[in-house]
Amino acid sequence: GYSYSSAIHACAAAGRWEEAMSLLREMKSVKLGPNVVAYGAAMAALANGKQWELALKLLDEKMYAVEGVKPSLMCFNAALHGLAAVGEAKRARELLGAMQQGPRSTRPDIYSYNSAIAACGPGGKAAEARELLEEMRLRGTAPDVFSFNGVMQANVGDGNWAAALEILEDIRRAGLNPDTASFNIAVHACAVGGQWQAAMDVLEEMTEAGLSMDAFTYAHAIEACCNSGNRVTAVALVTELRDKGLPLR
RNA sequence: GAAUUUUCGA
């Protein structure tokens, strides 16, 4: 049982969901009832492989209905992650609701909410992301930096760079510190908006916060400069990036 | 003892 779960996990990490699924099936023929962890790992494999339809099917029709294995929180979370990866915001929200109902009722945790928020990113569903942030608060789960980063990302997807930048303040108001990803998303917002000055301000904030710029930071900052016609600064940033030995994204 | 969350990839 344990080795099967590990093997399935290895397939997930390697992005080989087909093999993960056949291992899951094999567990049955070997008379090892697939357990909840094996299912969780298979769910993660499907999520990584962007096979969200299969993941939902496994969750809805197979796991509990046929095998009698109650999906754990992690199973739901892995499925939610799969939906997030393809920007299926609506279905993610539905699953978030569904997991709280019926005989397999499970209370969502911060991972669940963060994945549902992340699902809003690709489509730029900023309003939905904010609603989820509110919802988690009301339900007694305090948002963390990941939650806010997800909301920021949804604003970037929406093309709303100013709203994205304001979230840096929201993070601080919540008593948290923006992390490297927060600043990178903020700089990316500036790139999308063609705002090189704003990008420079963010870089300064980032440095003041004691964080160092990584390859993503530079890539987004350079893009911001290019998008607003500041070639001089763009070139200076490329030089700086090289001096630090960072790869040009 | 094992499974889940944020930065666009060519």
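Every value quoted in this text rests on a predicted model; they were computed, and no experiment measured them. Here is the naming used below: chain letters follow the sequence lines, and residue numbers restart at 1 for every chain.
- Between B:A2, B:U7, B:U6, one nucleotide has an atom nearer to the side chain of A:Phe216 than all others, and that is B:U7.
- Following rounding to the nearest Å, A:Leu248 (CG) and B:A10 (P) show an atom-to-atom distance of 10 Å.
- An OP1 or OP2 oxygen of B:A2 is reached within less than 4.0 angstrom by no side-chain nitrogen or oxygen of A:His9.
- As judged by a 4.0 angstrom heavy-atom cut-off over every strand, A:Ser72 is placed among the base-contacting residues.
- At a threshold of 4.0 angstrom between heavy atoms, the contacts of A:Ser115 are confined to the sugar-phosphate backbone, with no base atom among them.
- Close to B:G9, at under 4.0 Å from its OP1 or OP2, lies a side-chain N or O of A:Arg249.
- Among the nucleotides B:C8, B:U6, B:A2, the one closest to any side-chain atom of A:Ala118 is B:U6.
- Contact annotation: the side chain of A:Val66 never approaches that of A:Glu61 to less than 4.5 Å [non-hydrogen atoms, C-beta and beyond].
- Of all nucleotides listed (B:U4, B:U7, B:A2), B:U7 comes nearest to the side chain of A:Gln153.
- Distance A:Leu73 CG to B:U4 P: 12 Å, rounded to the nearest Å.
- Using a 4.0 Å cut-off, no side-chain N or O of A:His220 falls inside it from OP1 or OP2 of B:U7.
- Side-chain N/O atoms of A:Asn149 and A:Asn114 include no donor and acceptor closer than 3.5 Å.
- The side chain of A:Ile185 lies closest to B:U7 when the candidates are B:A2, B:U7, B:U5.
- If you check the side chains of A:Tyr218 and A:Lys244, you find a donor sitting under 3.5 Å from an acceptor.
- Side-chain contact between A:Val69 and A:Asn35 is absent, with no heavy atoms from C-beta onward closer than 4.5 Å.
- Counting any heavy atom pair closer than 4.0 Å across all strands shown, A:His81 reaches sugar-phosphate atoms only and no base atom.
- Out of B:A3, B:U5, B:A2, the shortest distance to the side chain of A:Tyr2 is found at B:A2.
- If you check every strand for non-hydrogen atoms under 4.0 Å, A:Ala181 touches a base.
- Protein atom OH of A:Tyr4 is 19 Å distant from nucleotide atom C1' of B:G1, rounded to whole Å.
- Counting any heavy atom pair closer than 4.0 Å across all strands shown, A:Asn35 reaches a base atom.
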Starting from the C-alpha separation in whole Å, work towards a yes-or-no answer on side-chain contact (heavy atoms from CB on, under 4.5 Å) for A:Leu23 and A:Cys11. CA-CA 9 Å; A:Leu23 281 171; A:Cys11 293; 3.8 Å; yes

